[in-house]
Amino acid sequence: MPAAVSSFPSAKSPDSVAGRLARVRERIDHIATESGRDASQIHLIAVSKKQPIESLEAALAAGQNAFGENYLQDALPKIDSLAAHEPTWHFVGDIQSNKTSDIATQFDWAHALDRAKIARRLSDQRPDDAEPLDVCIQVNVDDVANKAGVAPDACHELATLITALPGLRLRGLMTLPEPRHDMQAQRQPFAELARVRDTLNDAGHELDVLSMGMTADLEAAILEGATHVRVGTDVFGQRLE
Ligand SMILES: *Cc1c(COP(=O)(O)O)cnc(C)c1O
């Protein structure tokens, strides 16, 4: 008998969001065990950019409640439609000035803060009755001139400025390194981010978050201390274009 052809895998199939999520959680558990870390201290952010709402619903049903988005116009209708489930929303993309108001009012976290001006706007626009917006400073650990993110040397100044803003709570550092293909090479920029965090904490900051690692390099990131991994493709499959 020919197998039924369906473009919507059932919830039990290995290609379903639930099946994929289970495998991503296994990846995290496995490397956590191998590196002697407690997997419950490693948070999975399911990066749902360019994914249809049905995929997010399937992830919620499978117990995933933290989502990452980086296209605001795409994200807002999803936030609206899933409001009853109260997931945690992470804005992981570049933050442009004209987007700060929606980010400050609709999201719980912003991961890619790299400018004082944006920090001030987000703080000013965070509603008074909300908890402060949790933020990470994006650090350019690759030293590529045209890349987003603050140079490691400039982090202390921006961290000090953010700490003084009432609408923001500085949680840690985030990085998005150039792709590297072997594990040793992948670990380098993550180790560098951990060093920058240590330097800042030695200078009196209290950063407890390292937002690093995606589908291709989450093991390397966890080995270097990631607390939040941002995984899209391995959770949801290929994105719609
Ligand atoms: C898209 C994206 C991710 C997820 O990438 P995958 O390779 O699909 O896991 C993580 N972080 C940021 C900032 C992204 O834009």
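Ligands are counted one by one from 1 in listed order, and the atoms in each one are counted from 1 as well.
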Checklist line | Separation of Leu56 CG from Leu60 CG (nearest 0.5 Å) | finding: 7.0 Å

Next item on the list: Apply ring pair (Phe, Tyr, Trp, His ring centres under 6.0 Å) to Phe236 and list each qualifying residue two or more places apart in sequence or on a separate chain.
Entry: none

Check: So, are Glu26 and Arg23 salt-bridged, with charged N and O less than 4.0 Å apart?
Finding: no

For a distance cut-off of 3.5 Å, show me each N or O of ligand 1 paired with any protein N or O, plus the separation.
from     : atom 1 : to     : atom 2 : distance (Å)
ligand 1 : 8 (O)  : Thr233 : N      : 2.8
ligand 1 : 8 (O)  : Thr233 : OG1    : 2.5
ligand 1 : 8 (O)  : Arg239 : NH1    : 2.8
ligand 1 : 8 (O)  : Arg239 : NH2    : 3.3
ligand 1 : 9 (O)  : Thr215 : N      : 3.0
ligand 1 : 9 (O)  : Thr215 : OG1    : 2.6
ligand 1 : 9 (O)  : Gly232 : N      : 2.8
ligand 1 : 11 (N) : Arg230 : NE     : 2.9
ligand 1 : 15 (O) : Lys49  : NZ     : 2.7
ligand 1 : 15 (O) : Asn70  : ND2    : 2.9

Notebook entry, point to check: If you round to the nearest 0.5 Å, how far is CZ of Phe91 from OG1 of Thr100?
Noted result: 10.5 Å

Next item on the list: Would you indicate whether His30, at its atom NE2, is surrounded by more than 12 heavy atoms from other residues, nucleotides or ligands within a distance under 6.0 Å?
Entry: no

Notebook entry, point to check: Could you give the distance from CE (Met174) to NE2 (His111), rounded to the nearest 0.5 Å?
Noted result: 7.5 Å

